[in-house]
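Following: one structure in structure tokens, then a few remarks.
The chains referred to below are lettered A, B, ... by the order of the sequence lines, with proteins before strands, and numbering in each begins at 1.
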2 protein chains.
Amino acid sequence: MLQEDFEKILKEHGLKKTKQRILVLETLASCGDRHLTAEEIYEIVKAEFPEIGLATVYRTIQLLLELNLVESIQLGDGYVRYEIGRIGGKDAHHHHHLICLECGKVISFRDDLLDELEKRIKESVSFQVINHEVKLYGYCESCLKQEQEAGKENREPAKHLEVQLEERT
Amino acid sequence: MLQEDFEKILKEHGLKKTKQRILVLETLASCGDRHLTAEEIYEIVKAEFPEIGLATVYRTIQLLLELNLVESIQLGDGYVRYEIGRIGGKDAHHHHHLICLECGKVISFRDDLLDELEKRIKESVSFQVINHEVKLYGYCESCLKQEQEAGKENREPAKHLEVQLEERT
DNA sequence: TTCGCTGCAAATCCTTTGCATGATT
DNA sequence: AATCATGCAAAGGATTTGCAGCGAA
């Protein structure tokens, strides 16, 4: 089903159907919420198809981005990550990310509040908003719990995200 | 004034005051809205102080990030950019970016609408939001004008930002 | 058969690091 | 004088590219 759509899209663009391309897309599709890096995709595909090369993974990701089948996000940790986009017409446009500063977990959520913001922008500034990207940094449920159990010191929450992330490398 | 604050902060942290550090910070301060890359900062400082090395610029930026004097943003074009943060107590936390897909211009704006979103997140998911980052992609005023003058074809607006940006390299 | 796609290795590009020298306190 | 910071060059790490061979159409 996913694969059939994909084959159709490839054909429409005069591109060839290859096992590598299908595997990369399938990996992204099945790891829906994991937000994989190129290297991670490579490792996963290699388990099933050891001949694949990392360069092919990069080239395929590039292709999928151009075909609008995949989207990229950068969490500020130096890696570019990829997630499957709206395949088959479902508009996954307005989904955003909650990023845990403790464990790095990424939670996706939808919200249309930003439509309101876009409208306001359009009115106040002369800027035509086409798309937007929202990242909320904080602490996820399980990290909050762990901390509560660990003791009652007041955590001084990170003021600067990027730095925070870098320090945890 | 800026420089005095900076010297005080350096002293507080047991760091030395050097010409390089001051010039990097000044460059960031005076180029307020330009969102410079490390390389650009390097070039600007080098005009006034040719002995400086790129590595020093990187090290200084790192320092400024840790001191919370500077913030970084990634526009998706592969470069990390830096902008001066809230010096002297002014809280510049909730400012976000409008990014022109045509010319790459970055416009900063403030908005507190996101506070509302944060509140909602907290209620619906158990996630403690500490900070957030919003990027709106679209077309700036002057690019819109140019286009109107150039002709009346319907522009097919970019569906996928990152790709769009990459293609303009 | 034709051309596009792949794998490999080399090349790039941005950023970081090691080390001896030089500057600041 | 004691450190810390700098410049340079080399190292790193992610991503891209060149090219000959392979595989889809």
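- Regarding B:L23, its CG atom lies at a distance of 14 Å from the C1' atom of D:dT6, rounded to whole Å.
- Here A:K17 lies in heavy-atom contact (under 4.0 Å) with sugar-phosphate atoms only.
- Atom C1' of nucleotide C:dA23 and atom CD of B:E51 are separated by 12 Å, given to the nearest angstrom.
- Expressed to the nearest 0.5 Å, how far OG1 of A:T60 lies from CG of A:L28 amounts to 10.5 Å.
- The separation between A:H13 atom NE2 and C:dG4 atom C1' is 16 Å, rounded to whole Å.
- Crowding of B:E43 atom CD: a count of heavy atoms from other residues, nucleotides or ligands under 6.0 Å exceeding 12.
- Listed candidates were D:dG23, D:dA9, D:dC4. Nearest to the side chain of A:K16 is D:dG23.
- When distances are taken from the side chain of A:A55 to each of D:dA5, C:dA9, C:dT15, the shortest belongs to C:dA9.
- For the pair A:E43 CD and D:dA14 P, the interatomic distance rounds to 12 Å; values are reported in whole Å.
- The aromatic rings of A:H35 and A:H97 sit perpendicular to each other, their planes meeting at more than 60°, with 30° as the lower class boundary.
- Between A:Q20 and C:dG7 there is a side-chain N or O to OP1 or OP2 distance below 4.0 Å.
- Separating the OH atom of B:Y58 from the P atom of D:dG12 is a distance of 18 Å, rounded to the nearest angstrom.
- The nucleotide whose nearest atom lies closest to any side-chain atom of A:T18 is, among C:dC5, D:dT15, D:dT6, C:dC5.
- A:F49 comes within contact range of the sugar-phosphate backbone alone, with a heavy-atom separation under 4.0 Å but no base atom that close.
- Taking atom OH of residue A:Y42 and atom P of nucleotide D:dT16, one finds them 16 Å apart after rounding to whole Å.
- B:I22 places a side-chain heavy atom less than 4.5 Å from the side chain of B:Q3.
- Of the candidate nucleotides D:dA5, D:dT6, C:dT15, D:dT6 has the atom nearest to the side chain of B:R59.
- What separates CG of B:L63 from P of C:dT15 is a distance of 17 Å, to the nearest Å.
- Side-chain N or O atoms of A:K135 include none that pairs as donor or acceptor with a backbone N or O of B:K135 at under 3.5 Å.
- Both B:L54 and A:G53 lie close to DNA chain C; mapped to their nearest nucleotides by heavy-atom distance, the more 5′-ward contact belongs to A:G53.
- Distance B:K11 NZ to D:dC4 C1': 16 Å, rounded to the nearest Å.
- Note on B:E39: nothing from the nucleic acid sits closer than 4.0 angstrom, heavy atoms only.
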